[in-house]
Amino acid sequence: MEASFVIPLFNCVDLTRECLRTLQATLPTGFAHEIILVDDGSTDDTRRWLATLSPPCRVLLNERNLGFGAACNRGAAAATGHLLFFLNSDLVFPPGWFEPLCAALVTRPEAGLVGNVQLRADDGSVDHAGLRFNHQGKPVHETSMPDGPAVREVPALTGACFGIRAATWRELGGFDEGFRNGGEDVDLCLRARSRGHPNLIALRSVVKHHISRSPGRKERDEENSRRLALRWRQAIGPLAASDWSRHYLDSVWSQPHDAAGFLEGARAWLHIAGLRTDPGSFARQGAQRAIEIELARWRHLLDGAPADPPPFEPDVL
């Protein structure tokens, strides 16, 4: 089998129908594939509709709701394709979306996850062209279309629509089911990067997305964010340094500074302007400090502990 499409479902049957219809209408003629729909305990008419489907569709039914990561893992375990494509059930696929995504995956065998551009279904604005880490060390969507090559490397990308080689998926171990409907995609991307697999965005592959329509999507955002930060704080710090530099210039550098502070501000400006590739140790340490502040907030919010992060004493080089 060339490819397996894995689609986890939880209610929202009307959106799922549209997703499947547009997916099947836009795949290349003769492309060998299977579509694995994993129902994660739906309570609407989803299961009645699933019973009407025929090959290339395959249906897996979870007795209870296990969450996005577990549903995807079950679908991937049953897949026979050497390419895996994970799709949210609230996507709409226009003509021409698949070929650029598949080409990027096939021609870049070293790749980890390969994602695409996602437009908001309600107004057509860009919702996702990759993920970056902001000045607090949190993953946020890129919402502007960059210039340059048709395929670009990104730190991470959303799990709403991506492809990965089945061998790479097995190497990485799939989604960590300790995350619950959030964070498992970024965690998988960071695991890929740590093993030398760059994550890519195929900018000519464009789909539409009904954003976060599944019930319960945001219920554990704080817990998921803390789990991600605790695991990856050392890796996230350098990735957040560029955004930290921008934040520093916007909100801090306008205040009086000594010579060392002025020098670091100048370095941050040169980095943002593209004249310096390294944001500098001050920015990297500032981003690391921001992560520690968030971890202290989570300890207070989730554990009831005092919010008392360590003082910031950066080395200025």
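Any value given below was found using the heavy atoms of this structure, including those in side chains, with hydrogens, waters and symmetry copies removed.
- Residue Lys138 qualifies as enclosed at atom NZ: its count of foreign heavy atoms under 6.0 Å is above 12.
- With sequence neighbours excluded, no residue forms a ring pair (Phe, Tyr, Trp, His ring centres under 6.0 Å) with Trp232.
- Not counting sequence neighbours, the partners of Ala70 by the side-chain contact (heavy atoms from CB on, under 4.5 Å) test are Leu66, Glu177.
- Remark: Arg120 engages Asp122, Asp123, Ser125, Asp127, Ile211 in a side-chain contact (heavy atoms from CB on, under 4.5 Å) (not counting sequence neighbours).
- Residues Phe282 and Trp244 bring their aromatic ring centres within 6.0 Å.
- Evaluation of the salt bridge (charged side-chain N to carboxylate O under 4.0 Å, His left out) test over residues 42-52, restricted to residues two or more places apart or in two chains, returns Asp39-Arg47, Asp45-Arg48.
- By the ring pair (Phe, Tyr, Trp, His ring centres under 6.0 Å) test, His141 is found to be paired with His128, residues two or more places apart in sequence or in another chain being considered.
- For the pair Arg231 and Asp176, the salt-bridge criterion is met [side-chain N within less than 4.0 Å of a carboxylate O].
- Minimum heavy-atom separation, Cys19 to Ile7: SG-CD1, 4.3 Å.
- The pair Glu223-Arg226 fails the salt-bridge criterion, with no side-chain N (NZ, NE, NH1 or NH2) lying under 4.0 Å from an Asp/Glu carboxylate O.
- Shown here are the side-chain hydrogen bond (donor to acceptor under 3.5 Å, both in side chains) partners of Asp147, two or more places apart in sequence or in another chain: there are none.
- The environment of CZ in Arg204 is sparse: at most 12 heavy-atom neighbours from other residues, nucleotides or ligands sit within 6.0 Å.
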